[in-house]
Amino acid sequence: MARILITGAHGFIGRYLAKSLALAGNSVFGLGHGTWSPLHAQRWGLVSWHNGEVDIPNLRLIQQQFGTVDIVYHLAGGSSVGAAIANPREDFHRTVSSTIELLEWLRLEAPKSSLVAVSSAAVYGAGHTGQIAETAKPNPFSPYGHHKHIMESLCISYCESYELKVVIGRLFSVYGEGLRKQLLWDVCSQLEVHPERLLLGGSGNELRDWTAVTDVVRALSLIHTEANPSPKVINIGTGRGTNVRAIVEGIAQAWAVDTSLEARIEFSGKARAGDPQSLIAQSEQLAALGFEWQKDLLEGLSGYVRWFRSESGVRS
């Protein structure tokens with residue numbers, strides 16, 4: 001089996017990916033920010049976790065200790081539109097600086113390794129209706145989206161100039177147990193305090209392509225075979241759009257199973273900064289690889305509510 005490095009393995013998606021790849025028999029190493037005991041890292045499938053910057057010295061250190069990896073999954077970087085708007089310089093450093101360091105290390109010291117660069121549908125920007133094909137011209141309108149686009153451009157440049165093997169996966173709205181931010185977390189946090197009423201930003205009509213993290217990591221595990229010196233972009237999305245209001249109602253219904261309370265849901269009507277109206281994947285490329293989505297959305301929302309409540313019990 002393969003030796004695999006995951007940058008950003010301490011993050012929400014990185015943890016699931018590490019465990020999935022390890023269960024498949026691979027040796028998985030992690031690099032990025034976050035305090036992780038060796039035992040905890042091993043529980044998530046990592047042979048070794050290195051807490052530090054994604055830069056050439058740290059990449060060399062891992063290479064010296066464990067040898068040159070076969071595949072790199074690059075998940076390190078900014079993970080929030082709101083955080084990028086609040087601190088664009090930090091988001092640039094997390095996303096762009098880490099990428100150029102990784103690419104230089106690959107160019108100089110691991111040119112035969114394959115790179116799966118994990119990007120975001122935020123590069124598409126606003127003004128879309130229906131499914132968005134990978135060939136659509138990127139038009140980001142938030143610092144987060146711009147930085148992801150720069151990251152992609154760097155990867156493509158290194159492919160064309162140095163024949164590195166790269167594939168880019170654009171993620172859409174990833175959710176799942178363990179995600180402690182964004183819509184699902186915010187809704188559950190409100191329900192925990194006042195289950196009779198929810199107050200949320202936006203209109204509730206924003207359309208998103210909701211993807212369960214367990215399915216997303218299966219897709220990422222599959223697309224590494226597409227890494228080659230002619231860079232390919234693959235949407236990691238279902239092709240189905242569900243509006244925010246329906247998601248909130250689904251969470252509220254799952255929450256009310258035990259409490260018999262129905263939440264009254266209100267939206268401010270004010271668009272959130274950097275928030276497009278519609279982001280739905282055209283998913284033919286992923287389907288052509290034989291991939292099938294497995295997680296039912298309502299089942300996934302119910303599972304998230306159960307996880308949140310179990311964590312709430314721990315916190316209290």
Side-chain angles (χ1 to χ4, degrees), residues 8-20 44 73 75 77-84 118-122 124 131-132 144-145 148 169-192 198 200-202 204-221 235-257 263 265 267 272 274-281 283 286 291-312:
H10 192 264
F12 166 60
I13 299 171
R15 294 178 183 219
Y16 276 90
L17 180 61
K19 179 172 282 190
S20 176
W44 282 99
Y73 283 90
L75 281 84
S79 59
S80 167
V81 172
V118 181
S119 186
S120 167
Y124 291 122
Q131 296 180 343
I132 308 171
Y144 175 82
K148 293 296 186 185
R170 288 179 180 157
L171 304 185
F172 283 70
S173 295
V174 186
Y175 73 92
E177 298 168 25
L179 182 61
R180 299 173 182 271
K181 59 183 177 182
Q182 301 174 352
L183 180 65
L184 273 63
W185 178 263
D186 293 343
V187 172
C188 287
S189 297
Q190 286 197 44
L191 286 169
E192 186 177 36
L198 285 170
L200 300 162
N205 298 318
E206 298 87 356
L207 284 169
R208 294 292 182 270
D209 193 328
W210 301 91
T211 58
V213 66
T214 49
D215 282 337
V216 168
V217 299
R218 287 193 306 108
L220 291 173
S221 300
N235 283 337
I236 311 296
T238 68
R240 299 184 297 273
T242 304
N243 67 34
V244 168
R245 179 178 289 277
I247 296 297
V248 175
E249 289 174 348
I251 298 170
Q253 289 170 7
W255 192 277
V257 168
I265 303 168
F267 290 90
R272 294 178 290 269
D275 196 14
Q277 177 61 31
S278 178
L279 285 175
I280 305 169
S283 55
L286 188 59
F291 183 81
E292 296 181 359
W293 296 89
Q294 295 179 352
K295 191 73 169 183
D296 175 76
L297 180 55
L298 290 179
E299 176 189 335
L301 296 179
S302 296
Y304 187 89
V305 168
R306 288 193 298 271
W307 167 79
F308 183 93
R309 284 180 147 166
S310 69
E311 289 294 295
S312 179

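A distance of 6.0 Å separates CG of L17 from CG of L75, quoted to the nearest 0.5 Å. With rounding to the nearest 0.5 angstrom, the OG atom of S189 is 14.0 Å from the NZ atom of K181. Of the inter-residue distances, the one linking R170 atom CZ with L286 atom CG reads 14.0 Å to the nearest 0.5 angstrom. Distance CG/L171 to OG/S79: 11.5 Å, rounded to 0.5 Å.
The only option from Q294, E292, K295 that meets the side-chain contact (heavy atoms from CB on, under 4.5 Å) definition with R218 turns out to be Q294.
The shortest side-chain heavy-atom distance between L179 and L184 does not fall under the 4.5 Å cut-off. By the 4.5 Å heavy-atom criterion applied to side chains, I236 and F291 are not counted as neighbours. The shortest distance between side-chain heavy atoms of L297 and Y175 falls below 4.5 Å. Considering only heavy atoms from C-beta on, R180 comes within 4.5 Å of E311 through its side chain. Contact annotation: the side chain of V216 never approaches that of Y16 to less than 4.5 Å [non-hydrogen atoms, C-beta and beyond].
Between R245 and E206, none of the side-chain N atoms (NZ, or NE/NH1/NH2) sits under 4.0 Å from a carboxylate O, so this pair counts as no salt bridge.
Not one N or O on the side chain of Q190 forms a donor-acceptor pair closer than 3.5 Å with the backbone of L198. Distance alone, capped at 3.5 Å, places no donor-acceptor pair between the S302 side chain and the A254 backbone. Judged purely by atom type and a 3.5 angstrom limit, Q277 uses its side chain to pair as donor or acceptor with the backbone of N205. Using a distance-only test at 3.5 Å, with no hydrogens or angles considered, no donor-acceptor pair links the side chain of K148 to the main chain of G77.
Heavy-atom minimum distance, S20 versus V217: CB-CG2, 4.1 Å. Looking at every heavy atom in both residues, L301 comes nearest to I247 through CD1-O, 3.9 Å. Across all their heavy atoms, T211 and G237 have their closest contact at CG2-CA, 3.9 Å.
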Would you sort out whether S120 and Y144 count as a side chain to side chain contact (heavy atoms under 4.5 Å, CB included), showing the intermediate values?
CA-CA 9 Å; S120 167; Y144 175 82; 3.5 Å; yes

Determine, stepwise, if the pair I280 / I132 fulfils side chain to side chain contact (heavy atoms under 4.5 Å, CB included).
CA-CA 6 Å; I280 305 169; I132 308 171; 5.7 Å; no

D209 and T238: side chain to side chain donor-acceptor pair (under 3.5 Å), yes or no, with the steps?
CA-CA 6 Å; D209 193 328; T238 68; 2.6 Å; yes

Under the criterion side chain to side chain contact (heavy atoms under 4.5 Å, CB included), I'd like the reasoning laid out for L279 against L207: C-alpha separation, chi angles, the key distance, then a yes or no.
CA-CA 6 Å; L279 285 175; L207 284 169; over 6 Å; no

Could you walk me through whether Y73 and L220 satisfy the side chain to side chain contact (heavy atoms under 4.5 Å, CB included) test, starting with their C-alpha distance in whole Å, then the side-chain angles of each, then the deciding distance to 0.1 Å, before giving a yes or no?
CA-CA 9 Å; Y73 283 90; L220 291 173; 4.1 Å; yes

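Between Y304 and W307, the ring planes are tilted. Angles from 30° to 60° get that label.
Within the cation-pi definition used here (under 6.0 Å to the ring centroid, within 45° of the axis), R208 does not qualify as a partner of F172. With W255 as the aromatic partner, R306 does not meet the cation-pi criteria of under 6.0 angstrom to the ring centre and within 45 degrees of the ring axis.
Under 3.5 Å, the side chains of N235 and S283 contain no donor-acceptor pair of N or O atoms.
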